[in-house]
Amino acid sequence: MKWTLAGQDEVFAQPVSYAKLSDALDCACTVLYQHPTDTWIEDDTGSPIALDFRIKQHCTSRGYS
């Protein structure tokens, strides 16, 4: 999982790898409290598999605000 914050050039990355996409999505929900400008989840090859919109949908369905 990776994200960027407003006013910063650095791409932040979660150092943990998740076996299930739903676990990575749950983790991404906690990052949303930092108000990132962009969030995404990558697979083992570095290809994006969940982008900002999908992450926000997941968080809303799980009751994160």
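Taking 4.5 Å as the limit, some side-chain heavy atom of Val11 sits within range of a side-chain heavy atom of Trp40. Side-chain contact between Lys2 and Gln14 is absent, with no heavy atoms from C-beta onward closer than 4.5 Å.
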Open item on the list: Before you tell me yes or no, could you show the steps for Asp26 and Arg62 under side chain to side chain contact (heavy atoms under 4.5 Å, CB included), namely the whole-Å CA-CA distance, both residues' side-chain angles and the distance that decides it to 0.1 Å?
Closed with: CA-CA 8 Å; Asp26 287 343; Arg62 299 282 236 169; 3.0 Å; yes
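Interatomic distance, CG of Leu5 versus NE2 of His35, reported as 10.5 Å (0.5 Å rounding). Interatomic distance, CD of Gln57 versus CG of Leu51, reported as 11.5 Å (0.5 Å rounding). The distance from atom OG of Ser61 to atom CG of Leu25, rounded to the nearest 0.5 Å, is 9.0 Å. Atom CD of residue Gln8 and atom CH2 of residue Trp3 lie 11.0 Å apart, to the nearest 0.5 angstrom.
Inspection of the Thr4 and Asp38 side chains reveals no N or O donor paired with an N or O acceptor under 3.5 Å.
Taking hydrophobic clusters as Ile, Leu, Val, Met, Phe, Trp and Tyr residues chained together by side-chain heavy-atom distances below 4.5 Å, Val31 does not share a cluster with Tyr64. Transitive grouping of hydrophobic side chains (ILVMFWY, heavy atoms separated by less than 4.5 Å) brings Leu32 and Leu21 into a common cluster. Note on Ile49: it does not cluster hydrophobically with Tyr18, by side-chain heavy-atom contacts below 4.5 Å among ILVMFWY residues.
Ala28 and Ile41 get closest at one heavy-atom pair: CB-CD1, 4.4 Å. The shortest non-hydrogen separation linking Met1 to Ala24 is SD-O, 4.1 Å.
Side-chain N or O atoms of Thr60 include one that pairs as donor or acceptor with a backbone N or O of Lys56 at under 3.5 Å.
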